[in-house]
Each structure stands twice: as C-alpha cells, then as structure tokens.
**Student:** 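Let me begin by handing over the structure; questions about it come next.
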Amino acid sequence: QVQLVESGGGLVQTGGSLRLSCTASGRTFSTYAMYWFRQAPGKEREFVAAMSWTGGSKNYADSVKGRFTITRDNTKNTVFLQMNSLKPEDTAVYYCAADYRGTLRTTEPRYWGQGTQVTVSP
C-alpha cells in the first residue's frame with residue numbers, strides 16, 4: 001500500500017512558476033514509477049509527466065514539454081513537478097500517482113493522491 005500526499009499548489013499569474021511536491025509512504029519508493037496527471041473543470045483527466053522507477057527516463061505531455069520538469073528524491077520519498085511559464089490553460093487539479101515498476105506510458109497507475117489545485121490567472 002502506498003499513500004501519496006501532494007502539496008505546493010496555489011494561485012499564480014501567467015508566466016509564473018510553481019513547484020509541486022508529492023511525498024509517498026512506505027519504504028520501497030525507489031521501485032515505483034511516478035506520474036503527474038491533471039484534470040481541469042469539465043475536462044477529462046490528462047497525463048502530464050512521468051518518471052521511471054530507475055530515474056533514468058522521463059516522459060512529458062506535448063503541452064508541457066520545455067516548461068515542466070519532473071524529478072524525484074528517493075531519499076525523501078518525494079517526486080516534484082517544477083512548472084515554469086505557466087499559462088491559464090494549465091489551471092487544473094494536479095494529481096500525483098505511483099505504479100510499481102510501471103512504464104512511462106502507464107495510463108492507470110495503481111496509487112493516487114488527493115490532488116492539489118493549481119490556478120493560473122490571466
């Protein structure tokens with residue numbers, strides 16, 4: 001069982017930056033691929049970024065490439081999402097997810113956090 005807790009969301013102006021954090025419970029964090037998804041009001045949940053459990057590979061949605069960066073610190077059981085050059089269309093609830101030795105293209109990770117709201121004002 002893995003529990004995930006996100007933090008770092010908030011209100012930011014267009015062009016600003018935020019860093020989301022997601023801390024996982026358990027002692028086997030390093031064996032989990034980690035993901036960020038988001039869901040805007042009235043829209044389907046969409047993939048944002050993924051990082052392999054080895055830490056050697058990453059994958060991003062086209063809409064965030066070059067602006068968002070996913071990293072992980074296995075000593076702190078934490079995954080981060082650095083978001084730069086934010087746009088109003090990035091406004092959504094952001095969810096952290098984990099999957100045991102998952103692939104970068106996993107669309108339904110097993111474990112999910114509760115989400116953190118990110119709002120980008122025009």
Side-chain angles (χ1 to χ4, degrees):
Q1 188 75 12
V2 175
Q3 293 183 323
L4 304 171
V5 178
E6 301 98 335
S7 62
L11 174 65
V12 65
Q13 291 184 332
T14 296
S17 299
L18 281 175
R19 188 175 83 152
L20 305 183
S21 301
C22 172
T23 301
S25 64
R27 293 174 289 182
T28 58
F29 178 75
S30 62
T31 61
Y32 284 80
M34 299 301 298
Y35 310 82
W36 288 97
F37 288 79
R38 67 187 181 186
Q39 187 167 21
K43 295 189 176 181
E44 299 276 322
R45 185 179 67 201
E46 65 173 357
F47 167 79
V48 175
M51 188 165 186
S52 65
W53 61 277
T54 63
S57 299
K58 303 179 184 181
N59 188 31
Y60 296 94
D62 288 342
S63 59
V64 306
K65 278 181 183 175
R67 300 188 299 121
F68 290 12
T69 303
I70 185 172
T71 57
R72 65 190 296 162
D73 184 342
N74 288 345
T75 66
K76 298 180 179 178
N77 281 16
T78 301
V79 63
F80 303 96
L81 185 69
Q82 178 66 44
M83 306 186 295
N84 298 329
S85 302
L86 283 161
K87 305 175 182 179
E89 51 263 44
D90 294 318
T91 294
V93 177
Y94 283 71
Y95 297 92
C96 169
D99 204 62
Y100 178 70
R101 296 192 177 186
T103 71
L104 294 181
R105 302 195 182 280
T106 296
T107 57
E108 290 291 342
R110 181 171 182 181
Y111 302 103
W112 292 82
Q114 294 298 308
T116 185
Q117 176 71 45
V118 171
T119 303
V120 184
S121 62

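Bear in mind the structure is a predicted one, so any value in this text is a computation, not a measurement.
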**Student:** Suppose we screen for side-chain contact (heavy atoms from CB on, under 4.5 Å). Which residues come up paired with Thr14, at least two apart in sequence or across chains?
**Tutor:**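 In terms of side-chain contact (heavy atoms from CB on, under 4.5 Å), with neighbours along the sequence ignored, Thr14 is linked to Pro88, Val120.
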
**Student:** Could you work out, with salt bridge (charged side-chain N to carboxylate O under 4.0 Å, His left out) as the rule, every residue matching Asp99, not counting sequence neighbours?
**Tutor:**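 Checked Asp99 against salt bridge (charged side-chain N to carboxylate O under 4.0 Å, His left out); zero matches.
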
**Student:** Who pairs with Lys65 by salt bridge (charged side-chain N to carboxylate O under 4.0 Å, His left out), at least two apart in sequence or on another chain?
**Tutor:**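 In terms of salt bridge (charged side-chain N to carboxylate O under 4.0 Å, His left out), with neighbours along the sequence ignored, Lys65 is linked to Asp62.
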
**Student:** Can you sort out the partners of Ser25 under side-chain contact (heavy atoms from CB on, under 4.5 Å), two or more places apart, ordered by chain and number?
**Tutor:**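 Result, side-chain contact (heavy atoms from CB on, under 4.5 Å) vs Ser25: Gln3.
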
**Student:** Arg72 side chain to Ser52 main-chain N or O, any donor-acceptor pair under 3.5 Å?
**Tutor:**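 Checked: pair present.
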
**Student:** Between CH2 of Trp36 and CD1 of Ile70, what distance do you get to the nearest 0.5 Å?
**Tutor:**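 Spacing of CH2 (Trp36) from CD1 (Ile70) equals 8.0 Å.
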
**Student:** Side-chain contact test, heavy atoms from C-beta onward, threshold under 4.5 Å: evaluate it for Lys58 versus Thr69 and give yes or no.
**Tutor:**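 Lys58 vs Thr69: side chains touch.
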
**Student:** Any chance you could pull the hydrophobic cluster mates of Val5, using side-chain heavy atoms under 4.5 angstrom and chaining through other members?
**Tutor:**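 Same cluster as Val5: nobody, lone residue.
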
**Student:** Is there a side-chain contact (heavy atoms from CB on, under 4.5 Å) between Gln13 and Leu86? Walk through the geometry before answering.
**Tutor:** CA-CA 8 Å; Gln13 291 184 332; Leu86 283 161; over 6 Å; no

**Student:** Looking only at heavy atoms, what is the nearest atom pair of Ser57 and Leu104, with distance?
**Tutor:**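 That closest heavy-atom pairing would be CB-CD1, 3.5 Å.
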
**Student:** Might you confirm whether atom NZ of Lys76 has over 12 heavy atoms from other residues, nucleotides or ligands at distances under 6.0 Å?
**Tutor:**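 No, the 6.0 Å shell around NZ holds no more than 12 heavy atoms from other groups.
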
**Student:** Just grab all the disulfide bond (SG atoms under 2.5 Å apart) pairs involving residues 9-80, residues at least two apart or on different chains.
**Tutor:**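 Sorted pair list: Cys22-Cys96.
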
**Student:** So Arg110 and Val2, do their side chains get closer than 4.5 Å, heavy atoms only?
**Tutor:**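 The answer is no, as the side chains (C-beta and beyond) never meet within the 4.5 Å cut-off.
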
**Student:** Kindly write out the residues that satisfy salt bridge (charged side-chain N to carboxylate O under 4.0 Å, His left out) with Arg19, not counting sequence neighbours, or none if the list is empty.
**Tutor:**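 Residues passing salt bridge (charged side-chain N to carboxylate O under 4.0 Å, His left out) with Arg19: none at all.
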
**Student:** Restricting to side-chain contact (heavy atoms from CB on, under 4.5 Å), what partner residues turn up for Leu11, sequence neighbours left out?
**Tutor:**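 Result, side-chain contact (heavy atoms from CB on, under 4.5 Å) vs Leu11: Thr119, Ser121.
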
**Student:** Just to verify, what does Ser17 make a side-chain contact (heavy atoms from CB on, under 4.5 Å) with, not counting sequence neighbours?
**Tutor:**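 Counting only residues at least two positions away or on another chain, Ser17 forms a side-chain contact (heavy atoms from CB on, under 4.5 Å) with Gln82, Asn84.
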
**Student:** Under the salt bridge (Lys or Arg N to Asp or Glu O under 4.0 Å) definition, can you give me all pairs with a residue in residues 82-97, not counting sequence neighbours?
**Tutor:**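 Residue pairs with at least one partner in residues 82-97: Arg38-Asp90, Arg67-Asp90.
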
**Student:** Name all residues meeting the salt bridge (charged side-chain N to carboxylate O under 4.0 Å, His left out) criterion together with Glu108; count only those two or more places apart in sequence or in a different chain, and write none if there are none.
**Tutor:**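 For Glu108, the residues satisfying salt bridge (charged side-chain N to carboxylate O under 4.0 Å, His left out) (neighbours in sequence not counted) are Arg45.
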
**Student:** Keeping Glu6 on the side-chain end and Gln114 on the backbone end, is there a donor-acceptor pair under 3.5 Å?
**Tutor:**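 Looks like yes, one N/O pair under 3.5 Å.
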
**Student:** Provide the full list of ring-ring contact (aromatic ring centres under 6.0 Å, His included) pairs with a residue in residues 59-116, sequence neighbours left out, each pair given once.
**Tutor:**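 As it turns out, the ring-ring contact (aromatic ring centres under 6.0 Å, His included) pairs with a partner in residues 59-116, which skip direct neighbours, are Tyr32-Tyr100, Phe37-Trp112.
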
**Student:** Quick one: which of Asn77, Thr54, Asn74, Thr75 gives a side chain to side chain contact (heavy atoms under 4.5 Å, CB included) with Ser30?
**Tutor:**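 When side chain to side chain contact (heavy atoms under 4.5 Å, CB included) is applied between Ser30 and each of Asn77, Thr54, Asn74, Thr75, only Asn74 qualifies.
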
**Student:** Could you give the distance from OG1 (Thr116) to CG (Leu18), rounded to the nearest 0.5 Å?
**Tutor:**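 Answer for the OG1-CG pair, Thr116 versus Leu18, is 9.0 Å.
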
